[in-house]
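Below is one structure, written out as structure tokens, with a few remarks after it.
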Number of protein chains: 2
Amino acid sequence: MKDTSNSWTQKINTNGYRLTGARRMVIDIISNSPRALTPAEIFIEARSRGAKLGLVTVYRTLEKLEEMTLVERVHHEDGCHAYIAHVEGHQHLLLCRVCHRVEYFGGDDLVSLAETISRRSGYEVQEHWLQLVGICPDCRALVSKEALP
Amino acid sequence: MKDTSNSWTQKINTNGYRLTGARRMVIDIISNSPRALTPAEIFIEARSRGAKLGLVTVYRTLEKLEEMTLVERVHHEDGCHAYIAHVEGHQHLLLCRVCHRVEYFGGDDLVSLAETISRRSGYEVQEHWLQLVGICPDCRALVSKEALP
DNA sequence: TTACTTGCAAACGTTTTGCACGATT
DNA sequence: AATCGTGCAAAACGTTTGCAAGTAA
């Protein structure tokens with residue numbers, strides 16, 4: 001388990017929620033996954049680990065974790081129902097189109113862009129939301145191998 | 001109706017699809033909406049205009065329009081099932097959080113960012129996808145009025 | 001005329017809800 | 001002990017599919 005897990009348990013307590021087995025399990029699964037997971041995938045993984053939780057609990061847990069900004073949704077081309085662990089200070093995502101791996105990168109570069117757009121449009125720009133989609137190094141290696149004779 | 005509509009009908013013909021009343025209606029509704037619309041909203045608007053189309057047709061029409069890149073999906077915090085007209089050369093969106101109005105802006109500024117991330121991560125970055133969320137001038141005016149005594 | 005398109009009804013998968021039981025604090 | 005959390009079953013919801021009838025080319 002990543003070292004983020006401890007702060008999660010604290011945050012759950014702080015918010016007045018109880019730390020149950022089901023929540024530990026969902027948190028552990030998400031925080032150790034290199035890619036975004038759907039509720040159904042989390043449920044299946046938890047069951048395969050021997051946990052006896054229900055799919056409904058996964059939904060309700062994700063709802064609370066999202067509310068506490070401990071997890072966030074990833075928006076793919078085809079839908080937006082997969083979750084990843086939220087990482088403080090790394091707001092932007094880099095997704096691999098092949099293996100669906102998720103990486104983070106810092107977004108300081110966007111502040112000036114947001115200001116420019118704000119000035120140009122008259123909008124008060126409050127949030128910027130950026131995702132890059134591409135192919136990760138591992139998958140690039142595989143693809144180039146396949147292309148060879 | 002916006003002047004984009006003509007090119008739409010051409011593109012539909014080019015792709016071998018037929019230009020039907022239902023498609024004209026869906027196109028007209030989307031191209032004249034200042035905000036993203038869900039299939040259900042498009043259906044209701046069409047019915048309120050006296051058209052006799054079914055919700056299924058709206059789904060199937062959107063599917064084809066998206067395939068032809070005549071419309072695109074907008075991803076909100078809560079879901080990603082609303083559609084807007086696609087505008088050539090304006091890849092990025094600026095959403096009003098209050099009235100859900102959609103504006104476009106050019107994204108040349110992001111090419112260098114994508115290159116930097118690509119170099120740093122080893123990813124082959126193929127797409128960048130940016131949305132800004134804020135409050136539009138009109139809604140800002142309303143908000144500030146409400147705040148006054 | 002022929003193939004594409006439509007509408008309805010029904011199927012489907014996902015997400016939510018009601019309620020009694022169980023677990024955490 | 002009191003409250004919060006859980007699981008099951010069933011309902012609700014959005015979306016897709018099969019098929020007969022209708023329509024554009």
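Below, chain A is the first sequence line, B the second, and so on; all start at residue 1.
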* **Short side-chain N/O contact from A:Arg23 to OP1 or OP2 of D:dG5, under 4.0 Å** => yes
To the nearest angstrom, the CZ-C1' distance between B:Arg24 and C:dT5 comes to 15 Å
When rounded to whole Å, the OH to C1' distance for the pair A:Tyr17 and D:dT3 reads 14 Å
A:Asn15 atom CG is separated from D:dT3 atom P, nearest whole Å, by 20 Å
Tightest non-hydrogen contact, residues A:Ala36 and A:Val74, listed as CB-CG2, 3.9 Å
Ionic contact status for A:Glu41 with A:Arg35, cut-off 4.0 Å: yes
Check whether any side-chain heavy atom of B:Ile12 lies under 4.5 Å from a side-chain heavy atom of B:Ile27, and answer yes or no. yes
- Item | Below 4.0 Å: OP1/OP2 of D:dG7 and any side-chain N or O of A:Thr57 | yes
Considering only heavy side-chain atoms of A:Thr61, the closest of D:dT6, D:dA25, C:dT5 is D:dT6
Regarding the side chain of A:Arg18, the nearest nucleotide among C:dG7, C:dA23, C:dT5 is C:dA23
The residue, B:Gly21 or A:Leu53, whose nearest nucleotide of DNA chain D is more 5′ is A:Leu53
- Message: What I want to check is whether an N or O donor and acceptor connect the side chain of B:Arg60 with the base of C:dT5 at under 3.5 Å.
- Response: no
From the candidates D:dC8, D:dA24, C:dT24, the one with an atom nearest any side-chain atom of A:Thr20 is C:dT24
Protein-proximity profile, nucleotides 10-16 of chain C, B/S/- by nucleotide at the 4.0 Å heavy-atom cutoff, equals ----SSB
Inset, instruction - Applying salt bridge (charged side-chain N to carboxylate O under 4.0 Å, His left out), run through B:Glu45 and B:Arg49 and close with a yes or a no. - result: CA-CA 6 Å; B:Glu45 173 62 22; B:Arg49 291 190 189 181; 2.8 Å; yes
Here the distance between atom P of C:dT25 and atom CD1 of A:Ile12, to the nearest Å, is 10 Å
| Aromatic ring proximity, centroids under 6.0 angstrom, B:Trp129 and B:His75 | yes
For residues 14-23 of chain B, the side chain to side chain donor-acceptor pair (under 3.5 Å) pairs (sequence neighbours left out) are B:Tyr17-B:Glu67
- Which is it for B:His76 and B:His100 under the ring-ring contact (aromatic ring centres under 6.0 Å, His included) test, yes or no, and what are the steps along the way? CA-CA 10 Å; B:His76 277 220; B:His100 297 114; 5.5 Å; yes
